[in-house]
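All heavy atoms count here, side chains included; hydrogens, waters and symmetry mates do not.
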Amino acid sequence: MRAINTETMKMIFMAGLGGEFVFEAYSWVLSPVFFGPILEPAKLVTAIVAKTTGIMLPYGLAFIIHFLIGSVFFALLVYLLNGVLKKGYILAGLATGLILWFVAQGMLAPFIGRPFMMEFGAYTQSSFVAHTSMMMVIGFILSRLLPNAAVTP
């Protein structure tokens, strides 16, 4: 895998922004229509910070933190996983989305006192759609912005 230069990092960030916008639009508009709940991962961020530090973050700050993690770190994960799998960015996005969904619902939710996988209810099902869609959109955008990186060792 090649080193990540500034131009590549800009492309990763652009893909992350695109994916994060899809995630938020789905969470606030489509999730309530199809599954019922609005997805608000900022509440998870707030709960984790409160449990680990005793600090109660304002909702807006927690939202920004989640947004930045999604648009930078998660997009970088798709890029890096594609470098390992070498099967294309969209598949790397799907794999990353599955992992993130499990971490959020299977590990972080129980950490803050929620049931494992939120008992596989509507929230968990909608979260699955949100995480996998977001990450596949990131993968799609990366495949367009960095087409040669998908096949170059």
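For the pair Met14/Ile141, no side-chain contact is recorded, criterion being any heavy-atom separation below 4.5 Å from C-beta on. In this structure the side chain of Arg114 never reaches within 4.5 angstrom of the side chain of Gln105, judged on heavy atoms. Taking the side chain as every heavy atom from C-beta outward, Thr53 and Val49 approach each other to under 4.5 Å. Inter-residue side-chain proximity for His66 and Glu24 is flagged as met; some heavy-atom pair is nearer than 4.5 Å. Inter-residue side-chain proximity for Thr8 and Tyr79 is flagged as met; some heavy-atom pair is nearer than 4.5 Å. In this structure, the side chains of Val78 and Asn82 stay at 4.5 Å or more apart for every pair of heavy atoms. Looking at heavy atoms from C-beta onward, Ile12 lies out of side-chain contact with Ile138 at the 4.5 angstrom threshold.
Between the side chain of Lys51 and the backbone N or O of Phe111 there is at least one donor-acceptor pair closer than 3.5 Å. In this structure, Thr46 contributes its side chain and Ala42 its backbone to a donor-acceptor pair below 3.5 Å. The main-chain N or O of Ala130 is never found under 3.5 Å from a side-chain atom of Trp101 such that the two would form a donor-acceptor pair. Between the Ser27 side chain and the Phe23 main chain, a donor and an acceptor come within less than 3.5 Å of each other.
With sequence neighbours left out, the side-chain hydrogen bond (donor to acceptor under 3.5 Å, both in side chains) criterion links Ser126 to Tyr26, Ser31. Gln125 is linked by a side-chain hydrogen bond (donor to acceptor under 3.5 Å, both in side chains) to nothing, counting only residues two or more places apart in sequence or in another chain.
Atom CZ of Phe73 sits in a sparse spot, with 12 or fewer heavy atoms from other residues, nucleotides or ligands closer than 6.0 Å.
Aromatic ring centroids of Phe102 and His131 lie 6.0 Å or more apart.
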Item to check | ring-ring contact (aromatic ring centres under 6.0 Å, His included) assessment of Phe21 paired with Phe67 | outcome: CA-CA 9 Å; Phe21 282 125; Phe67 192 92; 5.6 Å; yes
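Under the 4.5 Å side-chain heavy-atom criterion for Ile, Leu, Val, Met, Phe, Trp and Tyr, Leu39 and Leu98 are members of the same hydrophobic cluster.
Considering every non-hydrogen atom in both Lys86 and Gly83, the closest pair reads NZ-O, 2.7 Å.
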